[in-house]
Structure formats: C-alpha cells, structure tokens
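Chain identifiers are assigned alphabetically (A, B, ...) following the order of the sequence lines, protein sequences preceding nucleic acid strands; residue numbering begins at 1 within each chain. Here the structure is a predicted model, which is why all the values come from computation and not from measurement.
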Protein chains: 2
Amino acid sequence: MNEDAVFHALADASRRELLDRLHRRGGQTLGALCEGLAMSRQAVTKHLAILEAANLVATERRGREKLHHLNPVPIHAIAERWIAKFQRPQLDALADLKRTLEGEEHDRPE
Amino acid sequence: MNEDAVFHALADASRRELLDRLHRRGGQTLGALCEGLAMSRQAVTKHLAILEAANLVATERRGREKLHHLNPVPIHAIAERWIAKFQRPQLDALADLKRTLEGEEHDRPE
DNA sequence: GCATTATGCAACCACAAGGTTGCATGTCAA
DNA sequence: TTGACATGCAACCTTGTGGTTGCATAATGC
C-alpha cells in the first residue's frame with residue numbers, strides 16, 4: 001500500500017465526503033454518488049479514480065453500472081503504522097512541550 | 001481544530017518528514033531542520049508555516065532562533081474523530097465486501 | 001434495431017502548491 | 001558599531017489539481 005497515495009487521497013474534502021457516503025451505504029453507482037453534490041459527474045469520476053488508485057475504494061462491474069465499495073484497510077494501515085507513532089508518546093511529548101514552553105522566557109500570558 | 005488543514009498538511013511527504021524529524025527530536029531550529037534536505041531553506045519555511053497553521057507544529061522564539069515542537073494533538077484528534085469511524089465497522093464492511101464480490105458473477109480467480 | 005441510460009475518455013482552463021532567488025529584518029558577539 | 005548569522009518577506013516560475021464541456025462507448029429495455 002502506498003502511504004503517499006492514501007494521504008493524498010484523504011487530503012480533499014470532496015473525496016472524504018465520498019468515503020463518508022460509501023461508509024453509510026456501500027455498493028453505490030457513480031450516478032448515485034453524484035446526487036446532491038455541487039459537482040459534475042466527471043469531477044466525481046476523477047475523485048473516485050484517485051480513491052481507487054489509493055485502494056480506498058473497490059469497484060465491481062454490474063452490467064453497465066459500476067458499484068463502489070469502501071475499503072477501510074488502507075485507513076486502518078495508516079492509523080496503525082503512522083498515526084500510532086505520534087500517539088504513543090503523546091503524553092511525553094505534550095509534557096515536554098509544556099515544560100519547554102513554560103520553563104523559558106515565557107512572560108506574556110496571552 | 002481544522003480537519004481540512006490537518007489533512008492537507010499531512011498530504012505532503014516533505015511535511016511528514018519534517019514531523020518525523022520533530023518527533024525524533026523536538027525544539028529544532030529552522031536551520032537544523034533544513035540539514036540533509038534537498039530543498040532550500042525557504043521551501044522548508046513554507047512547509048513549517050503550513051504545519052503551524054494546521055497546529056501540528058508549535059513554535060517558540062529564542063532570540064534570533066525559532067524552535068519548533070511537534071504537537072501531536074491534531075493527529076490524535078484525527079485518529080479519534082475520523083479514522084475510528086472507518087475502523088470500527090471494519091470487519092463488517094470487509095465481510096460485506098467479500099460477500100458482494102464473491103456472490104456475483106465472479107468467475108475469474110485472478 | 002434504436003432510443004435511453006451509465007459510464008469512459010480527452011481536451012481544456014483557472015488557480016493553488018511547491019519550489020526557487022533576491023533582498024530585508026532582527027539578533028548576537030566581539 | 002559592525003559584521004556575521006538566523007530568519008522573514010516578496011516576487012516569480014512551473015507543475016499539479018480540481019473543475020469544466022463535449023463526445024465516445026457500452027449495456028438495457030421496448
């Protein structure tokens with residue numbers, strides 16, 4: 001799995017919205033995903049292609065329709081492999097930051 | 001905290017590298033963070049500004065130096081508020097996806 | 001067959017993003 | 001004070017990104 005592709009795919013609010021929709025209801029067609037969005041069908045197609053390239057969305061052909069499914073595995077992998085690294089020593093880092101910020105010439109209370 | 005700013009900040013590999021460096025050692029100056037990077041000082045400055053705007057990096061003035069500290073809170077918030085949503089029903093979604101993909105006209109074993 | 005429907009492909013456009021260079025500002029130390 | 005050092009600011013350039021429109025292709029139903 002390509003970490004950069006996943007982060008890049010998650011960086012856009014429209015794509016996160018699409019993931020939300022697929023999270024609520026899987027197996028939606030392109031047309032269904034377009035409904036209610038202030039965006040052309042082709043724009044949605046591009047977003048889905050990016051999500052697909054990042055392996056965040058799996059597709060399935062059903063005749064002339066293309067059904068989309070959310071694939072939570074890369075998100076899980078990101079959380080496990082990358083975010084956890086910053087979470088684990090969170091309290092230590094916070095304490096350290098606090099110590100640093102308060103221990104120095106910290107006069108203005110803001 | 002601005003979810004979009006955090007995701008956007010995390011989308012760039014150079015910025016994730018900077019976070020990694022600050023994770024390894026906090027309180028580094030701009031000059032220290034530039035060492036070994038194939039990028040001008042000004043490029044790093046811009047990246048740090050984006051990380052700062054997303055509240056992922058906290059800074060502290062020390063005379064003519066500017067010390068940078070990692071702030072893991074927004075990353076933690078993202079993991080809690082956004083990623084957990086996709087992780088929780090992960091097994092369900094995976095099972096559902098598997099069922100869908102295998103239950104239909106799925107002939108090629110690949 | 002043939003019109004309709006669902007999606008794919010390609011060209012195009014505006015703008016933001018990452019990067020650079022050049023110079024200004026501010027701080028330290030002798 | 002003055003030179004050196006650390007950072008800030010601004011203009012500029014190139015590429016990538018999100019978006020559009022127009023047309024092509026493929027499946028469905030009558």
- prompt: In whole Å, what is the span from the CG atom of Asp12(B) to the P atom of dA17(C)?
  reply: 11 Å

query: Nearest-Å distance, NE2 (His68(B)) to P (dG8(D))?
result: 7 Å

field: Presence of His8(A) side-chain N/O under 4.0 Å of dT17(D) phosphate oxygens OP1/OP2
entry: yes

message: With a cut-off of less than 4.0 Å, is there a side-chain N or O of Lys66(A) near OP1 or OP2 of dG8(C)?
response: yes

More than 12 heavy atoms of other groups within 6.0 Å of Arg24(A) CZ: yes

- line: Taken to the nearest whole Å, CG/Leu30(B) to P/dG8(D) is 7 Å

query: In whole angstroms, how far is the P atom of dT7(D) from the CD atom of Gln28(B)?
result: 11 Å

field: Leu51(B) CG to dG18(C) C1', straight-line distance once rounded to whole Å
entry: 13 Å

- prompt: Can you tell me if His69(B) uses its side chain to pair, donor with acceptor, with the backbone of Ala58(B) under 3.5 Å?
  reply: no

task: Between dT5(C), dG18(D), dC23(D), spot the one nearest the side chain of Arg64(A), thanks.
output: dT5(C)

- prompt: Between atom CG in Leu67(A) and atom C1' in dA6(C), what is the gap in whole Å?
  reply: 11 Å

- request: May I ask you to verify whether the side chain of Arg41(B) and the base of dG8(D) hold a donor-acceptor pair under 3.5 Å?
  value: yes

message: Rounded to whole Å, how long is the line connecting atom CG of Leu10(A) with atom C1' of dT17(D)?
response: 16 Å

message: Any base atoms under 4.0 Å from Leu33(B), or only sugar-phosphate, or nothing? Heavy atoms, all strands.
response: nothing

- prompt: Can any side-chain N or O of Arg21(B) pair as donor or acceptor with the backbone N or O of Leu33(B) at less than 3.5 Å?
  reply: yes

- prompt: How do Glu65(A) and Ala43(A) order along DNA chain D: which one's closest nucleotide is nearer the 5' end?
  reply: Ala43(A)

- request: Any chance you could measure Lys46(A), atom NZ, to Asp12(A), atom CG, to the nearest 0.5 Å?
  value: 12.5 Å

task: Could you say whether Gly31(B) or Arg15(A) is positioned toward the 5' end of DNA chain D, judged by the nucleotide with the nearest heavy atom to each?
output: Gly31(B)

message: Counting only side-chain heavy atoms from C-beta out, which of dG18(C), dG18(D), dT7(C) sits nearest to His47(A)?
response: dG18(D)

query: Going by modelled atom types, is there a donor-acceptor pair between the base of dG22(D) and the side chain of Gln42(A) at under 3.5 Å?
result: yes

message: Measuring to OP1 and OP2 of dT20(C), would you say a side-chain N or O of Ser40(B) lies under 4.0 angstrom away?
response: yes

- prompt: How close or far is atom P of dT5(C) from atom CZ of Arg62(A), stated in whole angstroms?
  reply: 20 Å

- prompt: Are Lys85(B) and Glu80(B) close enough for a salt bridge, meaning some N to O gap below 4.0 Å?
  reply: no

